Number of protein chains: 2
Amino acid sequence: MATGRTHRPAASRSRGIPEATVARLPLYLRALTALSERSVPTVSSEELAAAAGVNSAKLRKDFSYLGSYGTRGVGYDVEYLVYQISRELGLTQDWPVVIVGIGNLGAALANYGGFASRGFRIAALIDADPAMTGKQVAGLAVRHTDELEGIIRDTPPNGVSIGVIATPAAAAQPVCDRLVEAGVTSILNFAPTVLTVPEGVDVRKVDLSIELQILAFHEQRKAGEDAEGKAGAAHAAGPPPRAAAKHTGSGPDGDIPAVMPA
Amino acid sequence: MATGRTHRPAASRSRGIPEATVARLPLYLRALTALSERSVPTVSSEELAAAAGVNSAKLRKDFSYLGSYGTRGVGYDVEYLVYQISRELGLTQDWPVVIVGIGNLGAALANYGGFASRGFRIAALIDADPAMTGKQVAGLAVRHTDELEGIIRDTPPNGVSIGVIATPAAAAQPVCDRLVEAGVTSILNFAPTVLTVPEGVDVRKVDLSIELQILAFHEQRKAGEDAEGKAGAAHAAGPPPRAAAKHTGSGPDGDIPAVMPA
DNA sequence: TGCTGTGAAGCGATTCACAGCG
DNA sequence: CGCTGTGAATCGCTTCACAGCA
């Protein structure tokens, strides 16, 4: 999984929906909406589970945390379930969101249709580069970082509570601090850094290079199984410099993912 | 967490590194590389854990699966650990990667520095739109989908085994099938769809709108705690249309995230 | 009869707490 | 003495299996 929280270890479920279940609700919702568009009136747990890519026992258990929304012998009413899950996720209201860091990735996010269609409204695009200020991206004029606090506080009706960080790694923590200070309490972080936030602020992260590294691990594992015995790298490089204590320039492997496209 | 697998429930750890540990190795690696660049020779589990945003017991347990790479009373040798983790993750070799779907997101990925710096080399950018063919993106000429199979098979030295899908949702499964058929065994999917793949192929997914929905859930929860009692949406809309069985156009909430920026 | 809803068992991951070594 | 490495306890999620209802 590409994601994680930073603070609040367990202080999440007030009335008891497990975190793992919450993470799957959007998946169910997507599958249900597709069924709804095809005018399918009801689904069984088996069918819906297949569409969402999970097993049916898990799906039923997940739904049991929300309440008894199914009909025994029949299945679930698609429309009704769409509504219930939307409500549970808080998607019946709309959430203004700011995106900070309008580089390649920030622009891609701004243009991403999946936001608007789920009740997320882009309240502002913010970038630190004065050359970007005023430029049109996804139909919105980019605003300068100076305006950040004002935008967060004054966006109707109650300010902005969700921020997306798509800046270079070095800028992420300062931007995060300013967002939080101005009132943001949920952050989606695309910068390859660990963000430190006060209690009560949620952080989720998406790290592209981490995902690839996890795939590489399994990929290597598969290759190792083919040619059993030589369980190492194929056309590898670099010996194990044990206990050198002294560094060698910048290490055997080079630098960190360092900077985001932004 | 933005991610998940699709096939291979447990068929992963050959010599026993837990999946959860594998997912954290890139995090440790990043923190270690930063230390390495600052010429720090050793770290304690406590310090490194703080830098990686986990607790120290977990970190020590994680490292214990790799072997005994620390020194009691002292800590871990930074350079040595960087090497060991890189090797474990398979980053001592380089992995050619193809990106399919060169829209906003695909282009952002192509420009993302974090790939190249971690041993991932972009072998080709592929798009179905003939108008894109030949265009330069991130220093590479975009190739047409017709060439997909050839690229996967003929890229030296052994073809491409990792594919990134950044196409619209509708194109994702067909593209996935072609990638797999041509020999790709690991896929990173940015399209908001569940991909079906044969046994032995790994899929990880990153879904931007799912992450936001999870944040919205917690955000709503926080708002509900403030104004205890009215545990619902703030300026919400839409009543619960129980058991209508008949659909109402397209449902109370509208459409799915549907299409990616691509 | 067929499918949901759920207690109970199983399993993996996290955390604790301390023995063991440098 | 300090910090790693790890058995044991704990926690939370998943899976099983079936009771219960339409």
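Residue numbering restarts at 1 for every chain, and letters A, B, ... go by the order of the sequence lines. Treat the numbers as computed from the prediction; the structure is a model and nothing was measured.
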Is the phosphate of [N] approached by [X] (side-chain N or O, under 4.0 Å from OP1 or OP2)?
X: A:Asn55; N: D:dT15; value: yes
X: B:Tyr65; N: C:dG12; value: no
X: B:Lys58; N: C:dT15; value: yes
X: B:Arg24; N: C:dT14; value: yes

Taking [atom1] from [X] and [atom2] from [N], how many angstroms apart are they, rounded to a whole number?
X: B:Leu48; N: D:dT4; atom1: CG; atom2: C1'; value: 13 Å
X: A:Glu19; N: D:dG12; atom1: CD; atom2: P; value: 12 Å
X: B:Phe63; N: C:dA13; atom1: CZ; atom2: P; value: 17 Å
X: A:Gln84; N: C:dG5; atom1: CD; atom2: P; value: 12 Å
X: B:Leu25; N: C:dA13; atom1: CG; atom2: P; value: 13 Å
X: A:Glu47; N: C:dC3; atom1: CD; atom2: P; value: 8 Å
X: B:Leu59; N: D:dG5; atom1: CG; atom2: P; value: 10 Å
X: B:Tyr76; N: D:dC3; atom1: OH; atom2: C1'; value: 9 Å

What residues, two or more places apart in sequence or in another chain, satisfy side chain to side chain donor-acceptor pair (under 3.5 Å) together with [X]?
X: A:Asp62; value: A:Thr21, A:Arg24, A:Tyr28
X: A:Asp177; value: A:Gln173
X: B:Glu181; value: none

Nucleotide N/O to protein N/O under 3.5 Å, stretch nucleotides 20-22 of chain D:
residue : atom : partner : partner atom : Å
D:dG20  : N2   : A:Arg72 : NH1          : 3.4
D:dG20  : N3   : A:Arg72 : NH1          : 3.1

Quick check on the 6.0 Å ring-centre criterion: do A:Tyr69 and A:Phe63 meet it? no
Looking at A:Leu29, is its backbone amide N or carbonyl O close enough to the side chain of A:Thr33 to form a donor-acceptor pair, meaning the two atoms are under 3.5 Å apart? yes
Could you check A:Ala57 against B:Gly67 and say which one's nearest nucleotide on DNA chain D is further toward the 5' end? B:Gly67
Identify which nucleotide among [options] has an atom closest to any side-chain atom of [X], counting heavy atoms from C-beta outward.
X: A:Ser68; options: C:dG5, D:dA8, D:dC13; result: C:dG5
X: B:Arg60; options: C:dT4, C:dA17, C:dA13; result: C:dA17
X: A:Ser45; options: C:dT4, C:dG5, D:dT15; result: C:dT4

Mind jotting down which residue pairs meet the ring-ring contact (aromatic ring centres under 6.0 Å, His included) criterion with at least one end in residues 191-216 of chain A? Sequence neighbours excluded, please. none
Under the ring-ring contact (aromatic ring centres under 6.0 Å, His included) definition, can you give me all pairs with a residue in residues 197-216 of chain A, not counting sequence neighbours? none
